[in-house]
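The structure that follows is given in the form of structure tokens.
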Amino acid sequence: MNLQKIKIFNGKLILPNRILPNGTVIIEDGKILFAGEENIETDANLKIDARGNYISPGFIDIHIHGGGGHDFMDQDKKAFLEIAKMHAKHGTTAMSPTTLTADKESILKSLRIYEDARVENNTGADFIGMHLEGPYLAMSQKGAQDPKYIRDPNPDEYREIIDSSKSVIRWSAAPELRGALEFGKYLHAKKILPSIAHTDAIYEEVEKAFDVGYTHITHLYSAMSGITRRNAFRYAGVIESAFLIDDMTVEIIADGIHVPGPLLKLVYKIKGADKIALITDAMRGAGMPPGPSILGGRQNGVPVIIEDDVAKLPDRSFFAGSVATCDRLVRNMVKLADLPLYEAVRMMTLTPAAIMGIENEKGSLQKGKHADLVIFDDEFNVECTIVRGNVIFSRPPIPA
């Protein structure tokens, strides 16, 4: 549905710092024209009665691998489009498709497919750029990443990848590896976000990495060092570094499993909503029933099993990605971490937008920004998802 002008009224409007009890949003030409308490008259083509539900900025997922039985490493344009469509049903209006550790050719192919899919993507969440996770990771913290592809940063390789595509907006790596600081400097100069991931770094190494551009930490608590002892001396790890460096931003898989309730509370208490992005880190099992699945590409991925609302390696030794959706993350931050709803929503909207440098376009209900919105009820069930002014999903019929 592609309409010129939409009015959404009779809803609780979620702003970054409060909730307006009776709000209205006017959308025109894919942008927000008005958002506030005044129920103004308009010649809108479509009028949506929110029926007292919440009107929220659309959810932004900056770390996601798949869903609905598809993965971005399937090397298939259909996979990109179906993942975007499936997650839009759960309130996601923008996402950063994420690769797994792989050979160079697979990464290059994924970038080419992304660029084709982005042109055709008009039925799902907006694509905001690619996130490469690996292959420059610490073997000791590989988690479910395939070890045969893990390696140190190679300047010839990463320069070729970056030169081949303008679509990479973030690259996650372990900063203690040989050549990782030079890699971070290169990414920063190219306006690509270097992010700390799958790492055994200590505080002193993280501090050096931060100084060259590694200002974000990928899935805090997952596949990273905490306090360690070396020759009887204790060293702060990446987790402690995230808390000690005030300007370091973090992301958390708030599925309640990768990061349980007490740790959700702790991260929020120390970092605050403006430094935390909620991410699904969802793999192809999101939106699918329990049972066998595959992490990564369908042809050469790692066998996993979905049970207990999470993906695991078959021997249950590691989690292998989440099966969460963004609505579940917001629900958990309210119900498990006892946060005000507007703070939970901020971590799913404005903060990830700011981390990726798109806060002037997305992330809040502000005049001139993209008309990306989600309407959900008191139990966080999504009623309607709007992307750039297009109604992508609704529970029919749209109330008017």
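Both backbone and side-chain heavy atoms feed into the values below; hydrogens, waters and symmetry mates do not.
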message: For the backbone of Tyr149 and the side chain of Asp146, can you confirm whether one donor and one acceptor N or O come within less than 3.5 Å of each other?
response: no
Tyr158-Val212 co-clustered via ILVMFWY side chain contacts under 4.5 Å: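 They do share one cluster, since a chain of ILVMFWY contacts under 4.5 Å joins Tyr158 to Val212.
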- line: Nearest heavy-atom approach of Asp372 to Arg388 is OD1-N, 2.7 Å
field: Close side-chain approach of Asp29 and Lys31, heavy atoms under 4.5 Å
entry: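 A side-chain contact is absent here, since even the closest heavy-atom pair is not under 4.5 Å.
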- request: Indicate yes or no: does Lys312 engage Asp308 in a salt bridge with an N to O separation below 4.0 Å.
  value: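 Here Lys312 pairs with Asp308 in a salt bridge, since their nearest N and O are under 4.0 Å apart.
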query: Going through the checks in order, is the side chain to side chain donor-acceptor pair (under 3.5 Å) test met by Thr351 and Asp274?
result: CA-CA 6 Å; Thr351 301; Asp274 63 336; over 6 Å; no
- prompt: Given Asn390 and Asn122, is the side-chain contact (heavy atoms from CB on, under 4.5 Å) satisfied, shown in steps?
  reply: CA-CA 9 Å; Asn390 296 318; Asn122 54 20; 5.8 Å; no
query: When you look at NZ of Lys12, are more than 12 heavy atoms from neighbouring residues, nucleotides or ligands closer to it than 6.0 Å?
result: yes
- request: Go through Arg118 and Asp126 one step at a time and tell me if the salt bridge (Lys or Arg N to Asp or Glu O under 4.0 Å) criterion holds.
  value: CA-CA 8 Å; Arg118 186 174 187 179; Asp126 201 11; 5.3 Å; no
query: Which heavy atom in Ser241 sits nearest to a heavy atom in Gly237, and how many Å separate them?
result: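 Result for this residue pair: OG-O, 2.7 Å.
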- request: Before giving the answer on salt bridge (Lys or Arg N to Asp or Glu O under 4.0 Å), spell out for Asp74 and Arg298 the whole-Å C-alpha distance, their side-chain angles and the decisive distance to 0.1 Å.
  value: CA-CA 5 Å; Asp74 284 345; Arg298 192 178 299 279; 3.8 Å; yes
- prompt: Do Ser195 and Thr218 have side-chain N/O donor and acceptor atoms under 3.5 Å apart?
  reply: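 Note: Ser195 and Thr218 side chains meet the donor-acceptor criterion.
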message: Looking at every non-hydrogen atom in both residues, tell me the closest pair between His87 and Ala282 and how far apart they are.
response: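 In this case the closest contact between His87 and Ala282 is CE1-CB, 3.9 Å.
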query: Mind checking whether Ile6 and Asn45 have side chains closer than 4.5 Å, heavy atoms only?
result: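 Sidechains of Asn45 and Ile6: no contact.
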query: Between Ile217, Leu263, Leu278, which is the residue that forms a side chain to side chain contact (heavy atoms under 4.5 Å, CB included) with Ile252?
result: Leu278
task: Look at the side-chain heavy atoms of Ile, Leu, Val, Met, Phe, Trp and Tyr, link any pair under 4.5 Å apart, and say whether Val310 and Leu295 land in one connected group.
output: no
message: Whether Arg230 engages the ring of Tyr235 as a cation-pi pair (distance to the six-membered ring centre under 6.0 angstrom, angle to the ring normal within 45°) should be assessed.
response: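 Yes, Arg230 and Tyr235 form such a contact.
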- prompt: Just wondering, do Thr42 and Phe34 contact through their side chains at under 4.5 Å, heavy atoms?
  reply: no
Evaluation steps, side chain to side chain donor-acceptor pair (under 3.5 Å), between Asn39 and Lys7: CA-CA 10 Å; Asn39 187 6; Lys7 176 182 178 180; 2.8 Å; yes
message: Does either side chain, that of Thr24 or that of Glu38, offer a donor lying less than 3.5 Å from an acceptor on the other one?
response: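 No pair is found: no donor N or O on one side chain lies under 3.5 Å from an acceptor on the other.
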query: So, Asp49 and Asn10: side-chain donor and acceptor under 3.5 Å apart, yes or no?
result: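 Yes, Asn10 and Asp49 have a side-chain donor paired with an acceptor closer than 3.5 Å.
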- request: Indicate, with yes or no, if Phe80 and Val119 share a hydrophobic cluster defined by side-chain heavy-atom contacts under 4.5 Å among Ile, Leu, Val, Met, Phe, Trp and Tyr.
  value: no
task: Verify whether one side chain among His131 and Ser96 offers a donor that lies under 3.5 Å from an acceptor in the other.
output: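 Not at all, the side chains of His131 and Ser96 share no donor-acceptor pair under 3.5 Å.
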query: Will you find, in the side chains of Glu115 and Ser167, an N or O donor that is under 3.5 Å from an N or O acceptor?
result: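 Side chains of Glu115 and Ser167: pair found under 3.5 Å.
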task: Applying side chain to side chain donor-acceptor pair (under 3.5 Å), run through Tyr186 and Glu182 and close with a yes or a no.
output: CA-CA 6 Å; Tyr186 175 81; Glu182 290 75 13; over 6 Å; no
query: Is there a donor-acceptor contact under 3.5 Å from the side chain of Asn332 to the main chain of Leu336?
result: no
field: Crowding at CD, Glu105 (>12 non-hydrogen neighbours, <6.0 Å)
entry: yes
- request: Any chance you could pull the hydrophobic cluster mates of Leu193, using side-chain heavy atoms under 4.5 angstrom and chaining through other members?
  value: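 Ile60, Ile62, Ile128, Ile169, Ile253, Ile279, Ile355, Met356, Ile358, all in the cluster of Leu193.
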Which side-chain N or O atoms in residues 254-261 pair as donor and acceptor under 3.5 Å with protein atoms at least two apart or in another chain?
{"unit_1": "Asp255", "atom_1": "OD1", "unit_2": "Ile257", "atom_2": "N", "d": "2.9"}
{"unit_1": "Asp255", "atom_1": "OD1", "unit_2": "His258", "atom_2": "N", "d": "2.8"}
{"unit_1": "Asp255", "atom_1": "OD2", "unit_2": "His258", "atom_2": "ND1", "d": "2.8"}

- prompt: Can you tell me if Lys271 uses its side chain to pair, donor with acceptor, with the backbone of Leu266 under 3.5 Å?
  reply: no
query: So, for His63 and His65, which heavy atoms are closest and what is the spacing to 0.1 Å?
result: NE2-NE2, 3.2 Å
task: May I ask whether Met347 and Val250 are part of the same hydrophobic cluster, defined by side-chain heavy atoms of I, L, V, M, F, W, Y residues being less than 4.5 angstrom apart, directly or through others?
output: yes
query: salt bridge (Lys or Arg N to Asp or Glu O under 4.0 Å) between Lys185 and Asp211: does it pass, once the steps are laid out?
result: CA-CA 9 Å; Lys185 290 177 184 177; Asp211 289 341; over 6 Å; no
statement: Tightest non-hydrogen contact, residues Tyr342 and Leu15, listed as CB-O, 3.6 Å
Side-chain donor-acceptor pair present, Asp200, Ser225, cut-off under 3.5 Å: no
Shortest non-hydrogen separation from Lys369 to Ser364 and the atoms involved: NZ-OG, 2.6 Å
message: Using side-chain heavy atoms (C-beta onward) and a distance below 4.5 Å, is Tyr54 in contact with Val345?
response: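 The answer is no; the side chains never approach within 4.5 Å.
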field: 4.5 Å side-chain heavy-atom contact, Ile227 and Glu240
entry: yes
- prompt: Do Asp281 and Glu251 have side-chain heavy atoms sitting under 4.5 Å apart?
  reply: no
task: Start with the C-alpha distance between Arg170 and Glu133, add both sets of side-chain angles, then the distance that settles salt bridge (Lys or Arg N to Asp or Glu O under 4.0 Å), and finish with yes or no.
output: CA-CA 8 Å; Arg170 171 180 166 196; Glu133 186 178 11; over 6 Å; no
message: I'd like to check Leu100 versus Gln145 (side-chain heavy atoms, cut-off strictly below 4.5 Å). Are they in contact?
response: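 Yes, side chains in contact.
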field: Side-chain heavy atoms of Cys384 within contact of Arg395, under 4.5 Å
entry: no
task: Establish whether Tyr136 and Ile107 are linked, either directly or via other cluster members, by ILVMFWY side-chain heavy-atom contacts under 4.5 Å.
output: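 Same cluster: Tyr136 reaches Ile107 through Ile, Leu, Val, Met, Phe, Trp or Tyr contacts under 4.5 Å.
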message: Using the rule given for side chain to side chain donor-acceptor pair (under 3.5 Å), can you reason through Glu176 versus Thr199, listing the C-alpha separation, both sets of side-chain angles and the distance that settles it, and then say yes or no?
response: CA-CA 7 Å; Glu176 74 273 21; Thr199 168; 2.7 Å; yes
